[in-house]
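In this text the structure is predicted, and so the values were computed from the model without any measurement. By convention in this document, chain letters (A, B, ...) are assigned in the order of the sequence lines, proteins followed by strands, and residues within each chain are numbered from 1. Heavy-atom basis, side chains included; hydrogens, waters and symmetry copies ignored.
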2 protein chains.
Amino acid sequence: MTSENANSKPSPARRLKPRAEIIDNESAAGPETSRQQRRFLARKAVILDAALSLFSQSGLHGVSTEQIAEAADVSKTNLFYYFSSKEEIYVGVLKRLLSDWLAPLDALDPEADPIQAIGDYVRLKMEMSRADPRSSRLFCLEIVQGAPMIGDELRTSLKTLVDRKAAVIRRWSEDGKIASVDPHHLIYAIWATTQHYADFSAQIAAISGRTLDDELFFREATENVLRVILGALSTGVEAKPSKGAA
Amino acid sequence: MTSENANSKPSPARRLKPRAEIIDNESAAGPETSRQQRRFLARKAVILDAALSLFSQSGLHGVSTEQIAEAADVSKTNLFYYFSSKEEIYVGVLKRLLSDWLAPLDALDPEADPIQAIGDYVRLKMEMSRADPRSSRLFCLEIVQGAPMIGDELRTSLKTLVDRKAAVIRRWSEDGKIASVDPHHLIYAIWATTQHYADFSAQIAAISGRTLDDELFFREATENVLRVILGALSTGVEAKPSKGAA
DNA sequence: GTCTATACGATGATAGAC
DNA sequence: GTCTATCATCGTATAGAC
């Protein structure tokens, strides 16, 4: 879950290269990072952020290393000092966003009120779709193409997490706190409806003329998703979402 | 809607080339097509189908013309006899699938029973996600990247159609036949939940270990989507989907 | 209509000076 | 660590023979 070491298995054609690989485990930035190391990691972060913007818009093959270098304000040669290949940058971006991705679901509290907890999860997912649509889109691109780079992570970390939370939801059903629904399909529905506003924003903008940046539209969208999701959970009563704006 | 002529505006860098452009309006294949023309169009169709598979998996830039040629069983040079550029192939594929895309929504009947009509629409969309996930994925890829190639079509044909059907749904609401929901958001929710099973099948397979090819899983998924969507429409009673399998 | 050969640009990646 | 120069490869597209 904590994105471990990038040396594990970047999937396809692997090219060994020594260089700066020693400090490659960016997330394990312990307490004793020197000024140099911090500077190094900061630069990598800038590059990863620039790459996220570009990759989320044009995909792995639609972006050149030169574009990334330019956007990150480093020379192309220098880019290869920080990363040994374009794929390594791509995977780096994906790994980083995946952990952000799992956090909200991980936070689903078994002890909380089910409707409240799931409602909060939906609201949080909507906030994320608004705040960071680039990540949502890049993730979408990767999955649609068959998850060639992070398939392993999905089958391990993600599956474990989802199965665990599905058990929580199933328990809620069995206890009669929510209607009887298939937990996995419920989670898929939540992901689908919330991420749709980030991933398909071009289509939504073409039709509705608005995006989540429009505060009113954001509230309408959230309210509607809540109605749809929570509606499926009501055992007969209380189908109403908790937020009542617009 | 009928995909008009490709000469209109393929977006970026446009290169003029005469050649076989005369017969380029493939959909307008009238009754008096000669044997040669039919053969010509058939070949183009084979190429487009091969291209769909590849593009949906790797995106526009992730596929080479050589791969397309090989998959369509023509020489690379010959490929350029049928199409004047890779982008033309890409747009050709997109235009073709877009019309299939609009058809089901277009068929939503204002005179029908609302719950039945929307339920049928959902079921049809699920069937399409199962039958032709490649198209769904390619469409998704294009939209996620900002719809650079078909943005115009979305703002015209698609918007017109959706607005028209949204009015139908709004009328149903006003007449008290379904709950009061925002028609556009309802449509987005339907698209999101149904297409999710095609677009994110890699993720779903990683978690659930199953896809829509599994008949039981397909029924579960459909039932669940119906529960979610129709549940949002119920005015108080009849939240139950019509299909009761598994 | 189909093939062989090839021009030509773009791009991922490296070498080596400073 | 950063730069200039450069290589090798790939991929689009064209020319011209058959």
May I ask you to check whether His61(B) and Phe55(B) place their ring centers less than 6.0 Å from one another? no
For residues Tyr82(A) and Phe40(A), establish whether the separation of their ring centroids is below 6.0 Å. yes
In whole angstrom, give the distance that lies between atom [atom1] of [X] and atom [atom2] of [N].
{"X": "Arg38(A)", "N": "dG1(D)", "atom1": "CZ", "atom2": "P", "value": "13 Å"}
{"X": "Glu70(B)", "N": "dC3(C)", "atom1": "CD", "atom2": "P", "value": "14 Å"}
{"X": "Ile68(A)", "N": "dA13(C)", "atom1": "CD1", "atom2": "P", "value": "10 Å"}
{"X": "Tyr81(B)", "N": "dT4(C)", "atom1": "OH", "atom2": "C1'", "value": "18 Å"}
{"X": "Lys86(A)", "N": "dT11(C)", "atom1": "NZ", "atom2": "P", "value": "9 Å"}
{"X": "Leu79(A)", "N": "dA13(C)", "atom1": "CG", "atom2": "C1'", "value": "11 Å"}
{"X": "Glu66(B)", "N": "dT12(D)", "atom1": "CD", "atom2": "P", "value": "9 Å"}
{"X": "Lys76(A)", "N": "dA5(D)", "atom1": "NZ", "atom2": "P", "value": "14 Å"}

For the residue pair His184(A) and Asp163(A), confirm or rule out a side-chain donor-acceptor distance under 3.5 Å. yes
Please tell me which of the listed nucleotides, [options], lies nearest to the side chain of [X]?
{"X": "Ser64(B)", "options": "dA13(C), dG11(D), dC3(D)", "value": "dG11(D)"}
{"X": "Ser75(A)", "options": "dT2(D), dG12(C), dC3(D)", "value": "dC3(D)"}
{"X": "Gln36(A)", "options": "dA13(C), dG1(D), dT12(D)", "value": "dG1(D)"}
{"X": "Thr77(B)", "options": "dC3(C), dT12(D), dC3(D)", "value": "dC3(C)"}
{"X": "Phe80(A)", "options": "dA13(D), dG12(C), dT2(D)", "value": "dG12(C)"}
{"X": "Arg39(A)", "options": "dG12(C), dT2(D), dT2(C)", "value": "dT2(D)"}

Under 4.0 Å: is that the gap between some side-chain N or O of [X] and OP1 or OP2 of [N]?
{"X": "Tyr82(B)", "N": "dT2(C)", "result": "yes"}
{"X": "Thr65(A)", "N": "dG12(C)", "result": "yes"}
{"X": "Asn78(A)", "N": "dT2(D)", "result": "yes"}

Please check if the side chain of Gln203(B) supplies one atom and the backbone of Leu154(A) the other of a donor-acceptor pair under 3.5 Å. no
Does the side chain of Arg130(A) reach to within under 4.5 Å of the side chain of Glu215(A), using non-hydrogen atoms? yes
